S.K.: 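What follows is a structure written as structure tokens; I'll ask about it next.
Every chain is numbered from 1 and lettered A, B, ... according to where its sequence line falls, protein lines coming before strand lines. Computed from a predicted structure; not experimentally measured.
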Amino acid sequence: MRGAGQRVSVAGGRIASVHAALALTPDGGGEVRVLPEEGGVPVDPRPADAAEVAELERSASPRWVLADVAAMYPGLLRAGARLSRCHDVASTEALLLGAEGDAEGAAAVTAARAGAATSAVEPAPQPSLFDDEAAPPPEAPDAEGVGAAYADQLARLERLRERLPGLGLLVAAESASCLAAVEMTAVGVPWDADTHDRLLAELLGPRPSSASVRPAKLQALAEEAAAALDNPRVNLDSQVDLLRSLRRAGLPVTSTRRHELRRHDHPAVAPLVRYRELARLHAAHGWAWRDQWVRDGRFHPEYVPGGVVSGRWATRGGGALQIPKAVRAAVVAPPGRLLVVADAGQLEPRVLAALAHDPGMISATAEGDLYAALAREALGRPEARAEMKVALLSAMYGGGAGSPALAALRRRFPAALALLETAARTGEAGGSVHSVLGRTSPPRSPDWLSGLADAVAGARSRAYGRFTRNFVIQASAADWAAVLLATLRLSLADLRDRGFAELVFFQHDEVVVEVDTPLADAAVDAVRAAGATATRLVLGDTGVHVPLEARAVRSYADRP
DNA sequence: AGTCACAGCCAC
DNA sequence: AAACGTGGCTGTGACT
């Protein structure tokens with residue numbers, strides 16, 4: 001247990017004075033062990049249940065050390081024990097293994113977490129903690145084992161501190177994100193079925209009595225497209241069949257992609273493109289989707305914090321990170337409540353400016369519309385905003401190098417562009433890069449290039465360079481978002497004794513908070529403050545400005 | 001009856 | 001105008 005009571009080294013983070021290892025096993029056993037550091041608290045393991053955890057949370061507010069928040073916290077939460085601070089051994093292990101260069105280990109830990117069958121969604125048949133047979137950790141360690149793992153991780157963090165000074169903050173923020181994800185899955189997003197029905201009916205026609213029947217408007221579009229192709233039997237959902245029919249109808253296309261279809265002036269194009277747009281909505285976010293994912297007026301997706309290599313969140317079901325704009329109007333606050341919707345504008349290029357310490361680009365972040373500012377600064381034409389946006393995104397994604405706007409960017413903001421080029425070259429050479437707080441990109445696997453012709457190997461190397469080029473930005477933006485979430489989550493806990501205040505949605509650079517109407521102003525303030533904290537802690541004193549628009553609305557769609 | 005790759009498109 | 005980064009999800013069609 002050596003070192004178990006050491007403080008987590010967290011620059012600017014909050015530090016609990018008491019650390020408690022919590023181990024709960026699926027067979028009904030459970031124990032809590034307060035780790036030695038401060039006096040007056042028993043250090044021997046003792047049986048624990050949710051009530052006791054909740055009591056300890058009230059009296060001591062420890063930093064709970066859990067083997068795997070995703071597996072253990074849903075049951076605790078259902079039983080009424082809400083934790084405010086924790087150290088998640090599982091997600092921390094993935095971060096540490098990555099930083100230590102153990103790519104296989106890191107990938108295995110992440111894959112195990114992403115595949116774990118947690119189910120905060122299932123209602124507990126009884127208030128017991130331990131009936132969740134779906135999610136026993138592979139080996140449920142006792143509290144002493146969890147404490148030992150914690151001590152080991154703290155020692156490894158300490159060893160990495162000089163090389164990756166932000167990693168302690170990232171560990172804390174990632175752990176908090178894991179708590180937030182479980183809570184968000186449990187509470188769900190308010191989903192108004194009537195509004196959803198109205199949107200679907202307007203676009204598709206009324207809900208058919210059978211799932212195997214196309215809604216009327218969809219059917220009409222399908223018939224119109226088929227008639228224009230002079231082939232009433234064509235299966236529009238079959239790429240093979242559709243491509244054949246298109247070519248027979250005289251359209252020299254090589255794919256059935258929308259952008260290729262739109263190049264041709266043919267009566268089938270418009271109904272076909274519209275059909276596919278609506279067919280996708282019907283299949284992915286229509287009535288069947290709602291039947292599966294919306295219960296009691298709320299959408300309960302399953303989140304996997306850190307499930308993406310870059311540290312972004314993934315989802316395991318429900319498609320929460322791809323809710324189409326067309327149906328967002330169905331996210332409506334229930335009576336007496338409002339949604340506080342906030343998103344960081346142009347987060348990634350602002351992060352780039354900070355990482356590169358590019359003075360010109362940092363100055364430009366003072367403006368709300370960064371792309372317009374860059375167009376003015378680099379091209380002298382604010383109206384070239386769209387061109388500049390494409391050029392900057394290309395620079396961050398590794399896309400087309402030939403545009404005049406990109407050349408202008410390189411002349412005017414050399415430090416920013418050089419950072420991207422360096423990251424790309426590192427990846428092309430097979431090296432790793434890391435985010436601002438120290439999340440490490442997986443190294444290219446050693447045999448990735450073996451046995452390939454030079455040309456193929458070169459293409460693969462460049463592809464890996466595009467990955468690392470983007471990683472430094474995307475992963476650093478994810479760092480920022482994790483600190484935002486961790487900070488906001490604690491602020492909302494302070495609001496909660498005055499009423500309902502919950503994080504209900506998070507997507508890369510935007511959050512939605514649901515609050516009782518009287519708390520809306522306070523929640524808006526909390527979101528803005530959390531954004532400022534994230535910018536200060538993650539991007540330091542670079543002077544970069546990250547605007548976080550936050551507004552209280554009734555519906556998710558009510559925003560600019 | 002499952003599994004898989006693919007094409008295509010949704011989100012950031 | 002498209003391509004380029006990270007994903008999820010759907011239906012098809014080929015496979016076991």
S.K.: For His285(A), enumerate each residue passing the ring-ring contact (aromatic ring centres under 6.0 Å, His included) test, keeping only those at least two apart in sequence or located in another chain.
M.R.: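 So His285(A) forms a ring-ring contact (aromatic ring centres under 6.0 Å, His included) with Trp289(A).
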S.K.: So Arg469(A) and Tyr464(A), side chain to side chain donor-acceptor pair (under 3.5 Å) or not? Walk me through it.
M.R.: CA-CA 8 Å; Arg469(A) 173 196 291 269; Tyr464(A) 211 80; over 6 Å; no
S.K.: Any chance you could list the contact pattern along nucleotides 1-8 of chain C? Use B for base contacts, S for sugar-phosphate-only contacts and - for none, protein heavy atoms under 4.0 Å, 5' to 3'.
M.R.: -BBBBBBB
S.K.: Listed by chain and number, what are the ring-ring contact (aromatic ring centres under 6.0 Å, His included) partners of Trp313(A), not counting sequence neighbours?
M.R.: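 Checked Trp313(A) against ring-ring contact (aromatic ring centres under 6.0 Å, His included); matches are Tyr303(A), Phe506(A).
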S.K.: With a 4.0 Å cut-off on heavy atoms, is Arg469(A) in touch with a base, just the backbone sugar-phosphate, or nothing at all?
M.R.: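 Touches nothing.
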S.K.: Who are the ring-ring contact (aromatic ring centres under 6.0 Å, His included) partners of Phe505(A), not counting sequence neighbours?
M.R.: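 In terms of ring-ring contact (aromatic ring centres under 6.0 Å, His included), with neighbours along the sequence ignored, Phe505(A) is linked to Tyr556(A).
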S.K.: Under 4.0 Å from any atom of DNA chain B, heavy atoms only: list the residues of residues 414-438 of chain A that qualify, in numerical order.
M.R.: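 Here the set is empty: none.
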S.K.: Can you confirm if the aromatic rings of His196(A) and Trp191(A) lie within a centre distance of less than 6.0 Å?
M.R.: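 They qualify: ring centres under 6.0 Å apart.
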S.K.: Report the residues that fulfil salt bridge (Lys or Arg N to Asp or Glu O under 4.0 Å) with Glu224(A), sequence neighbours left out, ordered by chain and then residue number.
M.R.: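 Result, salt bridge (Lys or Arg N to Asp or Glu O under 4.0 Å) vs Glu224(A): none returned.
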S.K.: With Arg462(A), which residues qualify under salt bridge (Lys or Arg N to Asp or Glu O under 4.0 Å), at least two apart?
M.R.: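 Residues passing salt bridge (Lys or Arg N to Asp or Glu O under 4.0 Å) with Arg462(A): none at all.
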S.K.: Roughly, in whole Å, what's the span from OH in Tyr303(A) to P in dC12(B)?
M.R.: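 Between P of dC12(B) and OH of Tyr303(A): 13 Å.
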S.K.: His545(A): what forms a ring-ring contact (aromatic ring centres under 6.0 Å, His included) with it, not counting sequence neighbours?
M.R.: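 Result, ring-ring contact (aromatic ring centres under 6.0 Å, His included) vs His545(A): none returned.
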S.K.: Determine the contact category for Ile323(A): base if any of its heavy atoms lies under 4.0 Å from a base atom, sugar-phosphate if only primed atoms, P, OP1 or OP2 are that close, otherwise nothing.
M.R.: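 The answer is sugar-phosphate, as Ile323(A) gets under 4.0 Å only of primed atoms, P, OP1 or OP2.
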S.K.: What bend angle does the helix from dA1(B)-dT16(C) to dC12(B)-dG5(C) show across its length, from five-pair end axes and to the nearest 10 degrees?
M.R.: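 Angle reported: 10°, given to the nearest ten degrees.
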S.K.: If you look only at pairs with a residue in residues 391-420 of chain A, which of them pass as a side-chain hydrogen bond (donor to acceptor under 3.5 Å, both in side chains), with sequence neighbours excluded?
M.R.: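 For residues 391-420 of chain A, and leaving out neighbouring residues, the side-chain hydrogen bond (donor to acceptor under 3.5 Å, both in side chains) pairs sorted by first residue read Glu377(A)-Arg412(A).
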S.K.: Who are the salt bridge (Lys or Arg N to Asp or Glu O under 4.0 Å) partners of Glu93(A), not counting sequence neighbours?
M.R.: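 Residues passing salt bridge (Lys or Arg N to Asp or Glu O under 4.0 Å) with Glu93(A): Arg156(A).
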S.K.: Between Leu236(A) (CG) and dC9(B) (P), how many Å, whole number?
M.R.: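 Distance, rounded to whole Å: 13 Å.
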S.K.: How does each nucleotide of nucleotides 11-16 of chain C score, in 5' to 3' order, for protein heavy atoms under 4.0 Å: base (B), sugar-phosphate only (S), or none (-)?
M.R.: SSS---
